[in-house]
Amino acid sequence: MLAKTLQLAFHGLDNHDEVWIRSVFNIALSRLKHQWELGTQERAQVLISYPGCLPEIKDHHHHLLVMIQKDDDRQIPGTLVLPQPLRSQAFLQLLNRCGDEIEQGTSGSQANYRDQTTPLEASANHPEQTAPLLVLPPYLHWVNVVHQALAAQQDVAVLVGGEPCYVINNRTRRIAALCGAVSPLRPSYLVHQWVNYSDEQLQQWQTVPYQLNDEMLRLPAERWWSLDSLLWHFGLKCALQKRLMLPPKRMAYRLWRWPDFGELGAATDEPAIAAALSAAYLEPQEVVSLADTELTKVQRFLQAALVCNYLLQRSGVASDQDLDELALNDKKTESKKQELEQEKESSLGILGVIRNAFNLKR
Amino acid sequence: MAGNEHKLIVSGCIGAGKTTAISQLSKIRVVSTEAQNNDIQNSSKAQTTVAMDYGELSLDNGDRLRLYGTPGQKRFDYMWKVMAPGSLGVILLLDNQRKQVLEELQEYLAVFQSFIQEQRMVIGVVRSNEYHYPSVGDYYAYLRSVQLQAPVFSIDARRRSDIVLLINALLSQIEMKIKLQARSVS
Ligand SMILES: Nc1nc2c(ncn2[C@@H]2O[C@H](COP(=O)(O)OP(=O)(O)O)[C@@H](O)[C@H]2O)c(=O)[nH]1
Ligand SMILES: [Mg+2]
């Protein structure tokens, strides 16, 4: 049987979810079991939406309906569930499954799905194995794709005006510029250039798989800059320009890795912010109090970390659970609490004295 | 008044910069005990001190901070067992010039497991500007694959500010853990 290209479409998705799905879809196309493309709502076999949008969807019997919803939300009969927070593995499994169902001809009637009540296995069961996924606005779509490609061990080029302008070596996570300058550009100049592009211009940039040729590999070491460092500074600069990246919703964040402060240099509060964010999922305001810093600094840090793909995120206020994990097991009496409080003060005091010895007083 | 004592351990393979790092911090002249380097083929150093370094600083409150340098390999772990109890934390130095550096990391993680689990370890990678692979990202990918977490920085052990950065990250982690623990019981 000749394989037919299946179509996927969205209805009513918010910007973040749509960007997320588009980027994961584009980069994972070749890894899917079936041939897929993005299509129109009228023609697509699979339609992704939210339960709240269901009433607006016309002719929904023509589609396999996939609902983005929280794990503990009630499943709507006759739909498949893509659990929130979105994870690439769950999404790809779901597409494979949809493909199988369609291929077996079981999707002609929605009835086949009415009995089907178990949601797809969420990859939340093994979240640490998969690369974290980020949600970037459309003008940073090309960055999204860079991260996905690097996770797949793929060298890439970034096309500007259709021409390869930057190439990225996935093995070293370094980037070289092929266009724009006769002599090697300084990385800070490059960041400056990038932030001067409008959102519309950046949105045209494309990241594609690319075979690095010998000539490129022979570029002198100083032409290859650290991608992480460029993206970090780019993220900071974008934040300074108030180009918004963090979703407006209340979110809790966690760092799965620190920025390389050895390369970047660390501003005074940054190690404390990083330490807070790598200890638990925290909302920005919680980071402010734990790291004893200002909200704008935390936001800037988060935006840079987001661009670099160092962040995990979770919707809502979910950090109590993490804090519980850190709690001491036995039940605390009042006097025990006081004792702990004193212990805490004295431990922090000693660490402060050690800070002093290295002029690290905050 | 004889104050309290605090210990900090600097570990890593031969030539990774342990003696250099401790010399940046110590207010006394660093004491190094020597032993024969029988790992010449893997090291950029012809002769070396492999046994132990010792340095110290006195703190404002009269306490003393002792700095110990020790090789991290399994065959030295008798020394490690003497020094580890009560230590604030471990600064692990890795040398990107060494071909087997990821395998070495694996060995260190086994030796320093309790420290890394308590967020009392930081990793400094030296010579990564000359040897691009493994990248800092590769180290994190590795740590993630074994479900461990520690800050990793590319550093030059000859720069004092880089060593101070490692200490800053280590202290920040310990402080944060104390704060979060206190918060969760209150
Ligand atoms: N390129 C480079 N050389 C270093 C660095 N750290 C130390 N060295 C040099 O490497 C050699 C070994 O350093 P040493 O501190 O004796 O290493 P140890 O065996 O771990 O004590 C010395 O010549 C140092 O000057 C570094 O970060 N980069
Ligand atoms: Mg030495």
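Everything numeric in this text was worked out from a predicted model, so none of it was measured. Quick note on labels: first sequence line is chain A, next is B, and so on, each numbered from 1.
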Of Gln119(B), Gln149(B), Met176(B), the one forming a side chain to side chain contact (heavy atoms under 4.5 Å, CB included) with Ser278(A) is Gln149(B)
So, taking the atom named NZ in Lys177(B) and the one named OG in Ser347(A), what distance separates them when rounded to the nearest 0.5 Å? 11.5 Å
Considering only heavy atoms, which portion of Asp156(B) lies under 4.5 Å from any heavy atom of chain A: side chain, backbone, both, or neither? neither
Do the ring planes of Phe261(A) and Phe153(B) sit parallel (below 30°), tilted (30 to 60°) or perpendicular (above 60°)? tilted
So for Ala266(A), is it side chain, backbone, both, or neither that comes closer than 4.5 Å to the heavy atoms of chain B? side chain
Inter-residue atom distance Asp228(A).CG - Tyr140(B).OH, 0.5 Å rounding: 10.0 Å
Are the side chain of Lys179(B) and the backbone of Leu290(A) linked by a donor-acceptor contact shorter than 3.5 Å? yes
Output for pair (Ile174(B) CD1, Ile354(A) CD1), nearest 0.5 Å, gives 8.0 Å
Residue selection (most heavy-atom pairs with chain B, distance under 4.5 Å) from Gly349(A), Ala275(A), Ala274(A): Ala275(A)
Do Arg257(A) and Val136(B) touch side chain to side chain, with heavy atoms closer than 4.5 Å? yes
Which pair of non-hydrogen atoms, one from Ala221(A) and one from His132(B), has the smallest distance, and what is that distance? CB-CE1, 4.4 Å
Spacing of CG belonging to Asn359(A) relative to CG belonging to Asn168(B), to within rounding of 0.5 Å: 11.5 Å
CD (Glu215(A)) with more than 12 external heavy atoms under 6.0 Å: no
Side chain from CB out, backbone as N, CA, C, O: work out which of these in Val152(B) comes under 4.5 Å of a heavy atom of chain A, or both, or neither. backbone
Using non-hydrogen atoms and a 4.5 Å limit, figure out which bit of Leu165(B) sits close to chain A: side chain, backbone, both or neither. side chain
Chain B contact via Asn356(A) - which portion, at a heavy-atom distance below 4.5 Å: side chain
Okay, Leu88(B) and chain A: the region with an atom under 4.5 Å from a heavy atom over there is side chain
Is the closest side-chain heavy-atom distance between Arg173(A) and Tyr133(B) below 4.5 Å? no
For atom CD of Glu130(B), is the number of surrounding heavy atoms from other residues, nucleotides or ligands below 6.0 Å larger than 12? yes
Check each atom of Gln173(B) against the heavy atoms of chain A and say whether the ones under 4.5 Å are side chain, backbone, both or neither. both
Under a 4.5 Å cut-off applied to non-hydrogen side-chain atoms, are Arg355(A) and Ile167(B) in contact? no
Smallest heavy-atom separation, Val164(B) atom then Phe358(A) atom, equals CG1-O, 4.0 Å
Measure the shortest side-chain to side-chain distance between Leu351(A) and Ile178(B) over non-hydrogen atoms and say whether it is less than 4.5 angstrom. yes
Measure from the side-chain N and O atoms of Glu263(A) to the backbone N and O of Ser154(B), and report whether any donor-acceptor pair falls under 3.5 Å. no
Would you mind checking which part of Leu255(A) comes under 4.5 Å of any heavy atom in chain B, side chain (CB onward), backbone (N, CA, C, O), both or neither? backbone
